[in-house]
Participant: 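I'd like to ask some things about the structure below.
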Number of protein chains: 2
Amino acid sequence: MLRLSTKGQYGVRAMYEIARGYPDEPVNIKSISRRQDVSIHYLEQILNRLRRAGLIKSVKGPGGGYLLTRPPEEISIAEILEELEGPFALTSCLNPEEGCVRVDRCVTHLLWKSLGWQIESFLRTVTLDDLLKGFKPLDYQTLLKRARV
Amino acid sequence: MLRLSTKGQYGVRAMYEIARGYPDEPVNIKSISRRQDVSIHYLEQILNRLRRAGLIKSVKGPGGGYLLTRPPEEISIAEILEELEGPFALTSCLNPEEGCVRVDRCVTHLLWKSLGWQIESFLRTVTLDDLLKGFKPLDYQTLLKRARV
DNA sequence: AAATACTTAACTATTTTTGTCAAGTATTTT
DNA sequence: AAAATACTTGACAAAAATAGTTAAGTATTT
């Protein structure tokens with residue numbers, strides 16, 4: 001249930017590897033593949049989307065690879081996942097493109113929407129920099145502070 | 001991404017209908033099907049699992065149907081979803097039955113685990129009674145209080 | 001010119017989801 | 001006892017999503 005696809009998982013792990021080279025050491029796809037146990041071809045597919053989204057840029061030629069376009073502390077996990085997996089809509093009726101025909105009568109609509117908010121706001125508080133420093137679950141106090149509630 | 005299956009969605013909606021009959025009015029499958037637009041056969045499959053899990057009981061014969069085994073305020077959405085979709089493990093490596101071979105090296109392991117906790121603890125604070133009363137997203141203060149942080 | 005490295009599109013196997021179908025069993029009412 | 005109502009169970013199957021592979025490039029630096 002509520003499973004994250006491998007695309008999202010691999011994408012975050014790849015971004016972690018690229019973040020390690022920030023700000024000026026391009027990380028090539030082969031080393032990401034080796035360190036994270038993901039096939040080069042599959043990574044290409046994933047990194048392509050992240051590049052088009054502007055989260056990373058590529059450097060061609062020998063010694064080339066991928067670089068973050070912004071500092072690790074400014075890139076949240078939510079951003080990465082949104083690019084690879086779309087909006088945080090837990091049900092198809094919450095997807096802006098599909099819509100819901102029974103919103104009015106639906107007793108669970110707000111529930112799933114709230115859960116989506118919870119997930120999204122949590123993931124917005126976690127950045128690549130947190131992963132670099134060795135992510136530890138944050139206590140509620142810190143979470144609240146970061147979420148500016 | 002992170003999509004809830006229809007089984008989980010329909011299950012919660014069916015439980016809502018059954019909760020409306022609490023404590024002594026059995027709700028038959030046909031009326032759940034009609035009110036929630038879900039096929040009878042599919043509902044049978046879902047209600048069967050919930051019954052085996054002890055969340056509901058069935059009454060046979062004319063006038064029969066399904067009844068909650070506990071008051072609506074004691075049955076959380078988390079309980080229902082766990083029965084229908086398994087544990088809140090966002091990645092297969094977090095599933096107790098599968099396990100993870102690279103926990104030590106995995107930089108995202110704790111992240112997904114924390115997210116799972118967030119989701120689960122949120123859903124534990126929402127009960128069928130909340131749905132009956134018309135669920136409104138709770139503010140953080142109330143959430144914290146309910147979660148006994 | 002050669003080596004390194006990224007780019008893109010098309011394709012496919014596998015798995016999961018979302019149901020349906022069929023053949024029951026159990027209980028109550030008349 | 002018979003009929004009606006209602007739940008019970010397991011097997012099966014179509015459709016969609018996921019997870020990846022293959023192939024044929026293009027771009028840049030040394």
Side-chain angles (χ1 to χ4, degrees), chain A residues 1-11 13-14 17-18 21 25-34 36-53 55-67 69 81 84-86 89-93 95 97-98, chain B residues 1-11 13-14 17-18 21 25-34 36-67 69 81 84-86 89-93 95 98:
Chain A
M1 73 115 74
L2 278 186
R3 202 148 278 196
L4 209 57
S5 75
T6 57
K7 220 162 215 156
Q9 294 178 51
Y10 295 167
R13 275 154 57 188
E17 292 297 333
I18 296 170
E25 190 128 322
V27 180
N28 70 42
I29 215 167
K30 200 181 288 180
S31 74
I32 300 176
S33 168
R34 194 172 42 238
Q36 294 291 339
D37 292 318
V38 180
S39 94
I40 289 184
H41 289 306
Y42 200 24
L43 275 175
E44 282 169 344
Q45 211 177 108
I46 293 167
L47 295 182
N48 226 307
R49 290 173 69 159
L50 295 175
R51 186 184 51 76
R52 275 188 294 226
L55 293 179
I56 54 180
K57 58 190 174 192
S58 66
V59 179
K60 298 199 170 189
Y66 291 93
L67 283 174
T69 55
L81 292 182
L84 295 173
E85 314 212 356
L90 271 68
T91 60
S92 61
C93 67
N95 191 318
E97 289 177 28
E98 307 184 48
Chain B
M1 73 117 71
L2 278 184
R3 201 147 279 195
L4 208 60
S5 76
T6 56
K7 220 162 213 156
Q9 293 178 52
Y10 296 167
R13 275 154 58 189
E17 292 296 333
I18 297 170
E25 190 129 322
V27 179
N28 72 43
I29 217 168
K30 199 181 289 181
S31 74
I32 300 177
S33 168
R34 195 171 42 237
Q36 295 291 337
D37 292 319
V38 180
S39 93
I40 289 183
H41 288 307
Y42 200 23
L43 275 176
E44 281 169 345
Q45 211 177 107
I46 293 168
L47 295 183
N48 226 307
R49 290 171 69 160
L50 295 175
R51 187 184 51 77
R52 274 188 294 224
L55 294 179
I56 53 179
K57 60 190 172 189
S58 65
V59 179
K60 299 201 170 188
Y66 291 93
L67 283 174
T69 55
L81 292 182
L84 295 174
E85 315 212 356
L90 271 66
T91 60
S92 61
C93 67
N95 190 318
E98 307 184 47

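As the structure is a computational prediction, the values presented were derived from the model and not from experiment.
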Participant: Could you spell out the base pairing of DNA chain D as a dot-bracket line? Use Watson-Crick and G-U wobble contacts where both distances are under 3.5 Å, [ ] for crossing pairs, | for partners on a different strand.
Facilitator: ||||||||||||||||||||||||||||||
Participant: Under the rule for side-chain hydrogen bond (donor to acceptor under 3.5 Å, both in side chains), what residues qualify as partners of A:Ser5, not counting sequence neighbours?
Facilitator: A:Glu85
Participant: Give one of base, sugar-phosphate or nothing for B:Leu47, where a contact means two heavy atoms less than 4.0 Å apart.
Facilitator: nothing
Participant: So, using side-chain hydrogen bond (donor to acceptor under 3.5 Å, both in side chains) as the criterion, who are the partners of A:Thr6 when residues are at least two apart?
Facilitator: A:Tyr42
Participant: Starting at the 5' end of nucleotides 11-20 of chain C, put B wherever the base has a protein heavy atom under 4.0 Å, S where only the sugar-phosphate does, and a dash everywhere else.
Facilitator: -------BBB
Participant: The criterion is side chain to side chain contact (heavy atoms under 4.5 Å, CB included); which residues satisfy it with A:Lys57, sequence neighbours excluded?
Facilitator: A:Leu67, A:Thr69
Participant: For residues A:Leu84 and A:Arg49, determine if any side-chain heavy atom of one lies less than 4.5 Å from a side-chain heavy atom of the other.
Facilitator: yes
Participant: Check side chain to side chain contact (heavy atoms under 4.5 Å, CB included) between B:Ser31 and all other residues, then give those that pass, not counting sequence neighbours.
Facilitator: B:Val27, B:Asn28, B:Arg34
Participant: Test of understanding: with side chain to side chain contact (heavy atoms under 4.5 Å, CB included), list the residues that count as partners of A:Leu43, not counting sequence neighbours.
Facilitator: A:Ala14, A:Ile29, A:Ile32, A:Ser33, A:Val38
Participant: At under 4.0 Å between heavy atoms, what does A:Asn48 touch on the DNA or RNA strands: base, sugar-phosphate, or nothing?
Facilitator: base
Participant: A:Leu50 CG to C:dC6 P: how many Å, rounded?
Facilitator: 14 Å
Participant: Please tell me which of B:Val59 and B:Glu44 maps to the more 5' nucleotide of DNA chain C, matching each residue to the nucleotide holding its nearest heavy atom.
Facilitator: B:Glu44
Participant: Does A:Glu25 have any side-chain hydrogen bond (donor to acceptor under 3.5 Å, both in side chains) partners at least two apart in sequence or in another chain, and if so, which?
Facilitator: none
Participant: Rounded at 0.5 Å granularity, tell me how far CD in B:Gln9 sits from CZ in B:Arg3.
Facilitator: 8.5 Å
Participant: Residues two or more places apart in sequence or in another chain: which of them pass side chain to side chain contact (heavy atoms under 4.5 Å, CB included) with A:Leu2?
Facilitator: A:Leu90, B:Leu2, B:Leu4, B:Ile119
Participant: Can you give me the first and the last nucleotide of DNA chain D (5' to 3') that has an atom within less than 4.0 angstrom of a non-hydrogen atom in chain A?
Facilitator: D:dA19 to D:dT29
Participant: Mind checking the NZ-CD spacing from A:Lys7 to A:Gln45? Nearest 0.5 Å is all I need.
Facilitator: 4.5 Å
